[in-house]
Amino acid sequence: MHYRISSSNPASRTIEVEFRLTGLAAPTVELQLPAWRPGRYELQNFARNIQRFELFDQTGNPLIFQKITKDRWRVQTEGVSELVARYTYYSNTVNAGTSFADDRLLYVNPVNLCLYADDRLHETCTLELDVPDHWEIACGLTPTAPNILSATDFYELVDCPLIASPDLQHETYKVGETVFHIWINGNIQPDWERIRRDFYQFSEAQIRLFGEFPEKDYHFLTLILTTPFYHGVEHRNSTMLVLGPNDEGEGLYTDLLGVSSHELFHAWNVIRIRPAELLPYDFTKENYFTTCFVAEGVTTYYGDLMLRRSGVFNDAAYLKELQVLLKRHFEANGRAFQSLTESSWDLWLDGYDKGVPNRKVSVYNKGATVALILDLHIRRKWNHARSLDDVMRLMWERFGKPFIGYTLDDYRAVTEEVAGEPLDWYYDRCISGNEPLESLLNDYLAFIGLRLESDAIDPVNTPAVFLVQLNDPEGLENRLRWLNNQH
């Protein structure tokens, strides 16, 4: 499968795509455009952005075809050895999951606009970019010729976004044998010495947790906008980050650190340690699963924690971010009806919209909150000799490295193995239940000398919560051992 992408009229906000499929033998071929993208578990129906769609054989003659679903075409290929699809894709939105073009930028998430045939998903794909020779290309795919990238299969292709521009700024650093690339596009002058130092520190800390890195290289692809924005999406050996505004200074840098650490943790957790229901991805429909509190909640918990462990954040900076996390859960949906497993399932319904009040919880915020509870439970029982780190290492060894997919029962079995006891209370109350968690959380926060307090006078209204440090020497010692991961 070969793709050629260009943008001859950037002002129109359209991207031209040519898709060439060779080696045809069947009388019909069905072409599919993905309906959703990895990292965003909702149908996005990318086919609605196709303006013009034409199909030809190898000699340029039009082929007869019929659209049979919202994003699937059946093509008559009797006597045809090769087909060429030419279509335009409209995109006027920039976030970490879209595609966009202007006169100095070609930004593509291939999952938005690359067709495929079901029986050809595991074949090599090539992606050719029609951009000026002096433009740089930032992408996790392998370059095989000028402006040509190669993927081992369609799954790799659509999990590797790219930025092409004459304005890209680029630096690298190395942890062990892994080369990390930082790409920044936007009107900003990065402090590269600081960035290299901080990125090295949190990357090294995460690799130390798991013992190895899944890929030989990794790319932080970053677009800096002039308007406020915060979005990141994980990919196989890269992450796509969109941040702004470009004049925010230290706040922008803190956002860059937070989202980068979070997305890097995904290189293990969800890219490789993946729920069984998502392996392999079915791009035609919803892929329902109940464990997004592991995929996103545990990752959210570790994203900021790894910044503190690595020394990028000090105690005050980390506790500030932890308070923000707890406020987002307890002030927004701490009394919601749904459990984490129900809200994970319903991501495909309205998980990214505000939705009906008090119906769902955030798999990110509540998921991170209950990850904190589990981590502190294990640490308290084993005096820090065991922790959630051991859970994630076992998940990596048993499911991530062999890439076989895990179930909710698998995750529960691993957590109980590390805890050394049944965790019925945890799964009943925190995972499949919907009871408020303030009192349970405070029981564990006391172990590290912290408490979640509320300034609510009227119990009917949603309280404002804040994190306070207790005057407790033993709690302080446990907090330091937790933050520094000391046994």
Side-chain angles (χ1 to χ4, degrees), residues 175-176 178 198 200-214 261-262 264-265 267-269 272-273 294 297-319 321-322 325-326 367-401 410-423 425-426 430 440-451 467 469-487:
V175 182
T178 304
D198 291 346
Y200 174 88
Q201 288 178 210
F202 75 70
S203 301
E204 191 275 335
Q206 293 193 22
I207 292 172
R208 188 167 1 108
L209 188 159
F210 288 100
E212 59 188 314
F213 195 70
S261 181
H262 175 105
L264 182 63
F265 199 86
W268 294 272
N269 192 28
R272 294 292 297 269
I273 306 171
V294 181
V298 171
T299 300
T300 299
Y301 172 59
Y302 271 106
D304 288 333
L305 184 61
M306 299 309 292
L307 291 171
R308 169 57 190 83
R309 278 192 195 172
S310 63
V312 176
F313 279 178
N314 60 22
D315 289 359
Y318 173 69
L319 292 178
E321 296 302 319
L322 180 60
L325 168 73
L326 297 176
T369 301
V370 302
L372 169 63
I373 290 172
L374 180 59
D375 192 15
L376 296 181
H377 175 78
I378 297 171
R379 288 176 178 274
R380 186 170 71 177
K381 178 180 178 181
W382 292 95
N383 192 27
H384 298 280
R386 296 183 183 181
S387 70
L388 192 59
D389 290 10
D390 298 287
V391 171
M392 297 312 297
R393 278 191 285 265
L394 285 176
M395 292 294 291
W396 168 247
E397 292 292 337
R398 295 178 184 177
F399 302 100
K401 285 183 70 173
D410 292 327
Y411 180 71
R412 177 168 182 163
V414 171
T415 58
E416 291 181 336
E417 178 181 340
V418 172
E421 64 181 8
L423 293 174
W425 66 270
Y426 177 75
C430 298
L440 179 64
L441 176 62
N442 271 330
D443 179 40
Y444 287 99
L445 288 177
F447 171 64
I448 54 173
L450 299 173
R451 183 171 65 239
L467 199 60
Q469 302 182 46
L470 305 177
N471 185 18
D472 175 9
E474 184 178 353
L476 175 58
E477 179 184 353
N478 282 318
R479 181 160 77 245
L480 293 176
R481 293 177 70 184
W482 162 59
L483 291 176
N484 293 296
N485 200 31
Q486 296 173 344
H487 291 173

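Computed over heavy atoms, backbone and side chain alike; hydrogens, waters and symmetry mates excluded. All of these numbers come straight from a predicted model, not from anything done at the bench.
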- Task: Run the numbers on Cys430 and Leu440 for side chain to side chain contact (heavy atoms under 4.5 Å, CB included), then give the verdict.
- Result: CA-CA 9 Å; Cys430 298; Leu440 179 64; 3.6 Å; yes

Any donor-acceptor pair under 3.5 Å linking the side chain of [X] with the backbone of [Y]?
| X | Y | answer |
| --- | --- | --- |
| Trp396 | Lys401 | no |
| Asp390 | Ser387 | yes |
| Asn484 | Gln486 | no |
| Arg451 | Leu445 | no |

- What pairs of residues pass the salt bridge (charged side-chain N to carboxylate O under 4.0 Å, His left out) test when at least one of them lies in residues 368-381, not counting sequence neighbours? Asp375-Arg379, Arg380-Asp443, Lys381-Glu421

- All pairs passing salt bridge (charged side-chain N to carboxylate O under 4.0 Å, His left out) where residues 298-317 contributes a residue, at least two apart: Arg308-Asp315, Arg309-Asp389

- Message: Using the rule given for side chain to side chain contact (heavy atoms under 4.5 Å, CB included), can you reason through Leu209 versus Tyr302, listing the C-alpha separation, both sets of side-chain angles and the distance that settles it, and then say yes or no?
- Response: CA-CA 11 Å; Leu209 188 159; Tyr302 271 106; 3.7 Å; yes

- Query: Do the rings of Phe447 and His384 sit parallel, tilted or perpendicular, given the 30° and 60° boundaries?
  - Reply: parallel

[atom1]/[X] to [atom2]/[Y] distance, rounded to the nearest 0.5 angstrom?
| X | Y | atom1 | atom2 | value |
| --- | --- | --- | --- | --- |
| Leu388 | Ile378 | CG | CD1 | 6.0 Å |
| Glu321 | Leu467 | CD | CG | 12.0 Å |
| Leu441 | Ile373 | CG | CD1 | 5.0 Å |
| Asp198 | Phe313 | CG | CZ | 9.0 Å |
| Leu305 | Asn485 | CG | CG | 8.0 Å |
| Thr415 | Asp410 | OG1 | CG | 10.5 Å |

Taking all non-hydrogen atoms of both residues, which atom of [X] and which atom of [Y] are closest, and how far apart?
| X | Y | value |
| --- | --- | --- |
| Ala317 | Asn314 | N-OD1, 2.8 Å |
| Val391 | Val414 | O-CG1, 3.8 Å |
| Tyr426 | Ala371 | OH-N, 4.0 Å |
| Ile207 | Val175 | CD1-CG1, 3.6 Å |
| Ala267 | Pro214 | O-CG, 3.5 Å |

- Task: Answer yes or no: is there a side-chain heavy-atom contact under 4.5 Å between Met306 and Leu264?
- Result: no

- Note on the structure: side chain to side chain donor-acceptor pair (under 3.5 Å) with Glu204: of Arg208, Gln201, Gln206, only one passes, and it is Arg208

Under the side chain to side chain donor-acceptor pair (under 3.5 Å) rule, collect the residues that match up with [X], sequence neighbours excluded.
| X | answer |
| --- | --- |
| Glu397 | none |
| Arg479 | Gln469 |
| Arg412 | Glu416, Asp424 |

- Task: Please indicate whether Asn383 has more than 12 foreign heavy atoms, meaning atoms of other residues, nucleotides or ligands, lying under 6.0 Å from its CG.
- Result: yes

- Message: Walk me through whether Leu374 and Tyr444 qualify under side chain to side chain contact (heavy atoms under 4.5 Å, CB included).
- Response: CA-CA 9 Å; Leu374 180 59; Tyr444 287 99; over 6 Å; no

- Please name all residues satisfying side chain to side chain contact (heavy atoms under 4.5 Å, CB included) with Glu477, sequence neighbours left out, ordered by chain then number. Arg481

- Distance flag, aromatic centroids of Phe210 and Phe265, threshold under 6.0 Å: yes

- Just do the side chain to side chain contact (heavy atoms under 4.5 Å, CB included) check on Met392 and Trp268 with the steps written out, would you? CA-CA 9 Å; Met392 297 312 297; Trp268 294 272; over 6 Å; no

